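Each remark here refers to the structure printed beneath this line.
Just so we're clear, the structure is a prediction, and the values are computed from it rather than from any experiment.
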Amino acid sequence: MAKRPQNLIYSANEAPSFFTALALALQHVIGLPSMVILPVVIIKEAGGTIDQIQPLIQMSLIAGGIGVILQSLSSKYIGSGFLCPQNTGANYITASVLAVKTGGLSLLFGMTLIAGLIQASFALAVKRLRTWFPAEVTGLTVLMVGLSLIKISISRFFGLTASGTVAGWRSLLVAALSLALMSSISIFSKKKLRLYSLLIGAAAGYITAFILGLINLEDIEKFRSAPLFSVPRISYSYSFDFSLVIPFMVAAVVSTLKTFGDITTCQKINDTDWKKPDISNISRGILADACGTISAGLLGGTGQASSSSNIGLALATGATSRYIGFYCGAILILLSFFPKLAALFSIMPQPVMGAALIYVVCFTIVTGIQMISTKILDIRKIFVIGFSITAGLSVDMLPEIYRAFSMPAWLNPLFASSLSLAAVTAIILNLIFKIGKTNIFETKISPYTDNYYQIRDFMSELEMVWSVRDDVIYRAISALEEFFETAARLKLAKNDILLKVTYDEFNLDIVIIYKGELIMFYDSMPAKEEAASDLNYASRLSGYLIKTYTDRAECRSDDGICFVKLHFIH
C-alpha cells in the first residue's frame, strides 16, 4: 500500500471540498493552453481556413475532458486513478499538419482514430513490453519533457519575437512578477494558499499585462467577439491513408512512452516508499489516454497526450487528488460550449505563459532525475541516458542538421521534437545494449563450512554487474544466510548447494537446488514463550524470517532433489 508523502495537502485518494477542487481544476485548465493554441497552429500550418478552427478546438476540449475523467477513475479496467490531465499532444503536430495538407480534416480525424487504436494496443501489451521501459528510460522521458519545454518557456518569459528581438521591460516585469508570486507562495505560504499559487500568479500577470498594455485591442476584440454559447458540431467525416500510418504510429509510440513516464511520476510523488513502476496501473493509464485520442478522432479533434507540466503543477501545489481530475474534465467539456471562456485562455499573455511553464518545468526536470537515480547506473545505462539526451537536445540546438537530410515524410515526426528523438533513441539503445548481458549466474556453496563471506561476495558482485538496488541485495543476502544456517543446523543437504540467480530489471530470483530434506517456511512468527520448550523453534523462526525477507518464497521436492525459489521484486 502506498505511503502518503507528508508534503502533499491532498493525496491521490483524498477529496477536497467542492470549491477547493473547482479552483484547483481551473488552475490546471490554465496550465493547458495548448488545448486552444495547437489546433490553431495545425490549421494555419496546413493552410486551412478560420472557420475550421473553432470546431477543432471545441472537439479537442471535449476529447481532452473525456480523457482526464477516464484517467482519474480508479477502476480495474481503465484509468490510473491519478491526477494526470490531457492536452492536445505536441507530438501529433507534424503528423496532423501532414494529414490536413494531404486529405483535409477528414484524413486528420481518421488517422487520429488510428493513432488512438495503436496506443490502446500498446496499453494491452505493455506488461509484455515492460523490459523496454526500465527506470532510466521512463525517467529520461520525464526529464526530456522538462528539458524540451525550456526553449518555449524561456522565449515566452523574455518575450522573444520571431525576428529574435526581446520584448521590453513591461513584458519582463509581468513575467518576473508572475513567477515570483507563484514560487514565493509555494515556498513561504501556509498550506491552503499554496494550493492556488499558479492561479494567483497568473491572475496577477493578466491584470498587470492589461494595465501595462500588453493585452492589445486585437486580443480584447477576439475575446469580445467570441460567442458566449455555441453547441459543438461533431464531424462524421473520416478518411484514411496507408502512407500516413507510420507518422501517426511514431506519434502514438511517443505518446505511450510519455504516458508511461507520467503515470510513473504520479506513482512516485504519491508514495514515499515508491521503488518501481506498477505496470498494471500504467497499462490502465495508457488505455485512458488512448481513449482520449480515440474520442478526438471520432468527434473531430486533435490527438491527445498526458500533460507532464500539469503533474509538476500538482506536485508544486501539493494537491494530487484524482477528484480534481473529474472537475478538470468537466471544465474542459464545458469550455467547448462557451467559446468566450476558451478565448480568455487563448489570449493569455506570453510572459504569463512563460512564467507558468518555468514554474512547472522545475518540478518535471527534478522528478525525472530522481526517477533515473532510483537505480544504480552501470556503463550501459550511462550510455543509454547520455546518448539519448545528446540526441534529443541536438534537435533544439542544431535543427539545421536534420533539415539538411532529405528524409521521408513519415520520419519527420521522429526528428521534429527533442522528446520524440530522445525517447525512441533510449528504447532502441536499451534493447541493443542488453545484447551480451548475462542474466543468470551460478555458484556452489557448501552448507557445512564458513560460507558467510562467500555468500556476501557473490551477491555483492551481482549487485555491481546488474545494478541491483542495495535494499534488494540486503534482503537477498539475509534470506540466504538464514537458509544456510538452517541447512547446516538440520543437516538438510547431503552435498554442496547450487545457487542460480536471475535478474530482468524488475525481478531478482534465486533458485536453490540441493539433494536432501526440504526446508519448511512459516507464515507466522513463533511465540517467544515457545523457545525453551520447542526443539524446532529456531527452524520455525528461520523459516518465517526467510519468507519475510522475500516477496515470495516457494519450495518443492522431486525424487529427493529440493528446489527452493526466493523471489524479490526490484
Are any side-chain N or O atoms of S283 and backbone N or O atoms of A123, one a donor and one an acceptor, separated by less than 3.5 Å? yes

Could you walk me through whether Y323 and Y10 satisfy the ring-ring contact (aromatic ring centres under 6.0 Å, His included) test, starting with their C-alpha distance in whole Å, then the side-chain angles of each, then the deciding distance to 0.1 Å, before giving a yes or no? CA-CA 10 Å; Y323 296 96; Y10 296 107; over 10 Å; no

Show, in sequence, the C-alpha distance, side-chain angles and deciding distance for I385 and I389, and conclude whether the side chain to side chain contact (heavy atoms under 4.5 Å, CB included) test is met. CA-CA 6 Å; I385 296 167; I389 291 177; 3.7 Å; yes

Is the backbone N or O of P134 less than 3.5 Å from a side-chain atom of E136, with the two atoms forming a donor-acceptor pair by type? no

If we only count heavy atoms from C-beta on, is the L24 to Q27 side-chain gap below 4.5 Å? yes

Mind checking whether F122 and V126 have side chains closer than 4.5 Å, heavy atoms only? no

If the plane angle is over 60° it's perpendicular, under 30° parallel, otherwise tilted; pick one for F248 and Y92. tilted

Looking only at heavy atoms, which two atoms of G329 and V68 are closest? And how far apart? N-CG1, 3.9 Å

Determine whether the aromatic ring centres of residues Y549 and Y474 are separated by less than 6.0 angstrom. no

Is any side-chain heavy atom of N507 less than 4.5 Å from a side-chain heavy atom of D504? yes

Side chains of V352 and R156: closer than 4.5 Å at any heavy-atom pair? no

Sequence-distant partners of L177, side-chain contact (heavy atoms from CB on, under 4.5 Å), two or more places apart: L181, T208

Chi angles and distances behind the side chain to side chain contact (heavy atoms under 4.5 Å, CB included) call for L32, S307: CA-CA 8 Å; L32 295 170; S307 173; 3.8 Å; yes

Using side chain to side chain contact (heavy atoms under 4.5 Å, CB included), reason through D378 and F383 one step at a time and then give a plain yes or no. CA-CA 9 Å; D378 60 13; F383 279 123; over 6 Å; no

Applying side-chain hydrogen bond (donor to acceptor under 3.5 Å, both in side chains), which residue pairs with at least one partner in residues 72-83 are found, sequence neighbours left out? Q71-S80

Are D271 and R4 close enough for a salt bridge, meaning some N to O gap below 4.0 Å? no

Should the pair E463-R469 be classified as a salt bridge under the 4.0 Å nitrogen-to-oxygen rule? no

H28 and side-chain contact (heavy atoms from CB on, under 4.5 Å): which single residue from L313, N87, I331, L199 fits? L313

Going through the checks in order, is the side chain to side chain contact (heavy atoms under 4.5 Å, CB included) test met by N7 and I269? CA-CA 9 Å; N7 65 318; I269 64 179; over 6 Å; no

Just by distance, no angles: are the side chains of S178 and Y359 close enough, under 3.5 Å, to form a donor-acceptor pair? no

Close side-chain approach of L462 and V501, heavy atoms under 4.5 Å: yes

Side-chain H-bond candidate by donor/acceptor type, Q267 with N281, under 3.5 Å: yes

Regarding Q86 and D289, do their side chains bring together a donor and an acceptor under 3.5 Å, going by distance alone? yes

Check whether any side-chain heavy atom of D262 lies under 4.5 Å from a side-chain heavy atom of T141, and answer yes or no. no

Is it true that N270 and S11 share a donor-acceptor pair across their side chains at a distance under 3.5 Å? no

Donor + acceptor pair across side chains of H567, D551 (<3.5 Å): no

Spacing of L83 atom CG and I311 atom CD1 [to the nearest 0.5 Å]: 8.0 Å

Decide yes or no for I428 and F433: does some side-chain heavy atom of the first lie under 4.5 Å from some side-chain heavy atom of the second? no

